2 protein chains.
Amino acid sequence: MPNLSDELLQQLKESLFSGALLPGAELQSQRRMSEGLAVSRSTVREAVGQLEAEGYVEIRQGGKTRVKNLLEPHFNLPLGEGKALGDNPEFQRQVLEVRAMLEGEAAYYASLRASDEQLAALDKEYRQMLQRGQRETTLAKAKEDLRFHMMIAESSHHLLIISFSQLFYTRFFNAIYGVLTRTLKTYGRYPEGIRAQHSAIHQAIMNRDAEAARRAASEHILYTRRHLEKEC
Amino acid sequence: MPNLSDELLQQLKESLFSGALLPGAELQSQRRMSEGLAVSRSTVREAVGQLEAEGYVEIRQGGKTRVKNLLEPHFNLPLGEGKALGDNPEFQRQVLEVRAMLEGEAAYYASLRASDEQLAALDKEYRQMLQRGQRETTLAKAKEDLRFHMMIAESSHHLLIISFSQLFYTRFFNAIYGVLTRTLKTYGRYPEGIRAQHSAIHQAIMNRDAEAARRAASEHILYTRRHLEKEC
DNA sequence: ACTGCAAACTGGTCTGACCAAGAAGTGAAA
DNA sequence: TTTCACTTCTTGGTCAGACCAGTTTGCAGT
């Protein structure tokens, strides 16, 4: 896409990444830059504005634009600045609702179609989760939870469910993680029900009781959603 | 930071997150927007540019700016054009199973959250389907069916369900259509149950009976799946 | 050396214009 | 009637020049 402001944006980024512009350094003013590069200030504004949106520089009206610490942008925690879709409570609720649907179906078909090897692997993973217990960070817990559910999805032997689960968990991990941190902030710890719910899902799949598995997996997610609603 | 373009950016995001602007919808042109909001086009450009940078909309010079589907960029299922995955009976069965899940949930949330206008539109569409009756080609029937279910999905006010439905129905239309033709070939005509099932879905949503709607929509699809299984 | 204030910056917004790419309407040719 | 090329309209991209509102700078007066 040979569009001027994008070109300039790339050019500026290279200056940043190559170290020509160190953290704390000042950028040229927009006017000077537009003269030097023979483009209009609008174009410069667009590029510098993107730079700021991506967290590389700090713009202050009246003041000069400075390069931020380069590591900062990569530490943008969930619940960070500005509005992001993943931080929107309404969207987080929708993510939970879709998880309830998706994981319910995955558990259902996993109960019906999982191979014995997959069942054994699932059992092993479950016991490890029990052992690790509370000794983990919130982030590790979130990842562990997703891995467990992803194993169930794979055991469903259902191409569409597997694909969608993969897509969903990676794309919306932030929203999922955001829910977990909010829950922990409110209750101080992992809610009591979770452990029992994981157990119920595990049991139902091991017994190849598809209906029970669907109910348990779905209930597991909706339980969290109810917690979230009370909070508001 | 009460700066104009940021305010507008937040405002646009609200429209996105609230579902007022659905995936695929077109934004107003920058000129019209600047007139309507009494700000300059520069300001509008800045806001819309940020929206694009964050991946929410797609801007095309000369064309219109439209809302991106949340899932589209990551929806790379192995349907490599080639040997028509859509003709594979096993895959057709999986598509039906996912439809059962998806349309069940869509009907559920539509019952809870549809606006009165949406309910009226749905009612109108349903009555038209009744009138048109058997006077249509198989292809027209399939499209009609999908339109009906897409209206239900949109009435759910559920960004994820809407996004997924859009993608699903367009990508896998072949598989869906294939199922319909196979059914017709076997039975010579539209199975009797279908009409009653559509009626049940329609009724349940009109009564805002969410559980019944989910059951009816899900059953509607699984009914077809059972037909397909007998055949093999 | 210190203080105050005005001038000279900075980025934010506005206006109105022109360009280029896509969309839409039109009319002639098949 | 359908199809296809051409014209026209609309859209986003860029430009120039102006004004506003904060910030910084620098000089004059103490």
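Every chain is numbered from 1 and lettered A, B, ... according to where its sequence line falls, protein lines coming before strand lines. Worth saying up front: this structure is predicted, and the values here are computed from it rather than measured.
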**OP:** Give the intermediate values and the outcome of side chain to side chain contact (heavy atoms under 4.5 Å, CB included) for residues B:Leu122 and B:Phe148.
**Re:** CA-CA 7 Å; B:Leu122 206 57; B:Phe148 184 60; 4.2 Å; yes

Original post:
How many Å lie between CD1 on B:Ile59 and C1' on C:dG22, as a whole number?
Top reply: 15 Å

Original post:
Of the candidate nucleotides D:dG12, D:dT25, C:dT15, which contains the atom at the shortest distance from the side chain of B:Gln30?
Top reply: D:dG12

Original post:
In whole angstroms, how far is the P atom of D:dG13 from the CG atom of A:Asp6?
Top reply: 9 Å

**OP:** Classify the nucleic acid contact of A:Arg66 as base, sugar-phosphate or nothing, counting any heavy atom under 4.0 Å across all strands shown.
**Re:** nothing

Subject >> Among C:dT10, C:dT15, D:dT24, the one nearest B:Ser40 by side-chain distance >> reply: C:dT15

**OP:** Would you mind classifying the nucleic acid contact of B:Val48 as base, sugar-phosphate or nothing, using non-hydrogen atoms under 4.0 angstrom?
**Re:** nothing

**OP:** Could you please name the option among D:dG12, D:dC15, D:dA18 that lies closest to any side-chain atom of A:Arg41?
**Re:** D:dA18

Subject >> Earlier contact from the 5' end, DNA chain D, for A:Ala38 and A:Arg31 >> reply: A:Ala38

Subject >> Atom-pair distance (NZ on A:Lys64; C1' on D:dT24), nearest Å >> reply: 7 Å

**OP:** Calculate the interatomic distance between B:Glu46 atom CD and D:dT14 atom C1'; express it in whole Å.
**Re:** 15 Å

**OP:** Kindly say if A:Ser29 contacts the phosphate of C:dT10, meaning a side-chain N or O under 4.0 Å from OP1 or OP2.
**Re:** yes

Subject >> Options D:dT14, C:dT13, C:dG11, nucleotide nearest the side-chain atoms of A:Leu4 >> reply: D:dT14

Subject >> Between P of C:dG22 and CG of B:Leu27, the distance in whole Å >> reply: 19 Å

Original post:
For B:Glu35 and C:dT15, what is the distance between atoms CD and C1' respectively, to the nearest whole Å?
Top reply: 13 Å

Original post:
Tell me: CG of B:Leu51 to C1' of D:dG12, nearest whole Å?
Top reply: 15 Å

Original post:
In whole angstroms, how far is the C1' atom of D:dT10 from the CZ atom of B:Arg60?
Top reply: 13 Å

Original post:
Closer than 4.0 Å, any side-chain N/O of B:Ser5 to the OP1 or OP2 of C:dG12?
Top reply: no

**OP:** With A:Ser165 as reference, evaluate A:Leu102, A:Ile152, A:Thr170 under the side chain to side chain contact (heavy atoms under 4.5 Å, CB included) test and give the passing residue.
**Re:** A:Leu102

Original post:
Minimum heavy-atom separation for A:Pro23 to A:Lys68, with atom names?
Top reply: CB-O, 3.8 Å

Original post:
Between A:Phe173 and A:Tyr177, what is the ring plane arrangement, given parallel below 30°, perpendicular above 60°, and tilted in between?
Top reply: parallel

Subject >> Under 4.0 angstrom between B:Thr65 side-chain N/O and D:dG12 OP1 or OP2 >> reply: yes

**OP:** Give a yes or no on whether a salt bridge exists between B:Arg214 and B:Asp209, defined as a side-chain N under 4.0 angstrom from a carboxylate O.
**Re:** no

Subject >> D:dG12 base / B:Arg45 side chain donor-acceptor hit below 3.5 Å >> reply: no

Original post:
With no angle test and no hydrogens, is the base of D:dG22 tied to the side chain of A:Gln61 by a donor-acceptor pair under 3.5 Å?
Top reply: no

Original post:
So what does A:Ser42 touch, heavy atoms closer than 4.0 Å: a base, only the sugar-phosphate, or nothing?
Top reply: base

**OP:** Could you label the plane-to-plane angle of the A:Tyr56 and A:Phe17 rings as parallel, tilted or perpendicular, counting under 30° as parallel and over 60° as perpendicular?
**Re:** perpendicular

